[in-house]
Amino acid sequence: MFETLMRLYATGKGPLTVTMLANAVRRGWITDTEKQEILSTKK
């Protein structure tokens, strides 16, 4: 899941938002550390 979310967020494909990443953390799909890593890839 982490790799998919990273790819979608970093490339700007799909409507992936910060709120959606927070929901993924809450649901246990990714960790908060992984969320921060994904957010740092935004171009």
Side-chain angles (χ1 to χ4, degrees):
M1 181 60 77
F2 170 73
E3 289 82 15
T4 300
L5 292 174
M6 168 104 57
R7 181 176 38 83
L8 290 173
Y9 192 79
T11 60
K13 296 187 180 192
L16 188 61
T17 64
V18 174
T19 302
M20 291 176 177
L21 287 173
N23 284 336
V25 171
R26 185 174 48 83
R27 293 175 187 212
W29 295 345
I30 61 174
T31 66
D32 193 51
T33 303
E34 290 171 329
K35 179 185 100 174
Q36 294 306 320
E37 187 176 338
I38 291 169
L39 291 174
S40 70
T41 64
K42 186 68 172 182
K43 293 181 180 181

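As the structure is a prediction and not an experimental result, all values here were calculated from the model.
The side-chain heavy atoms of Phe2 and Ile38, taken from C-beta on, include a pair separated by under 4.5 Å.
We find the CD-CG distance between Glu37 and Leu5 to be 12.0 Å, quoted to the nearest 0.5 Å. Rounded to the nearest 0.5 Å, atoms CE (Met6) and CG (Leu16) are 11.5 Å apart. Rounded to the nearest 0.5 Å, atoms CH2 (Trp29) and CD (Glu34) are 13.5 Å apart. Separating the OG1 atom in Thr17 from the CG atom in Asn23 is a distance of 8.0 Å, to the nearest 0.5 Å. Note that the CZ atom of Arg26 and the NZ atom of Lys35 stand 12.0 Å from one another [nearest 0.5 Å].
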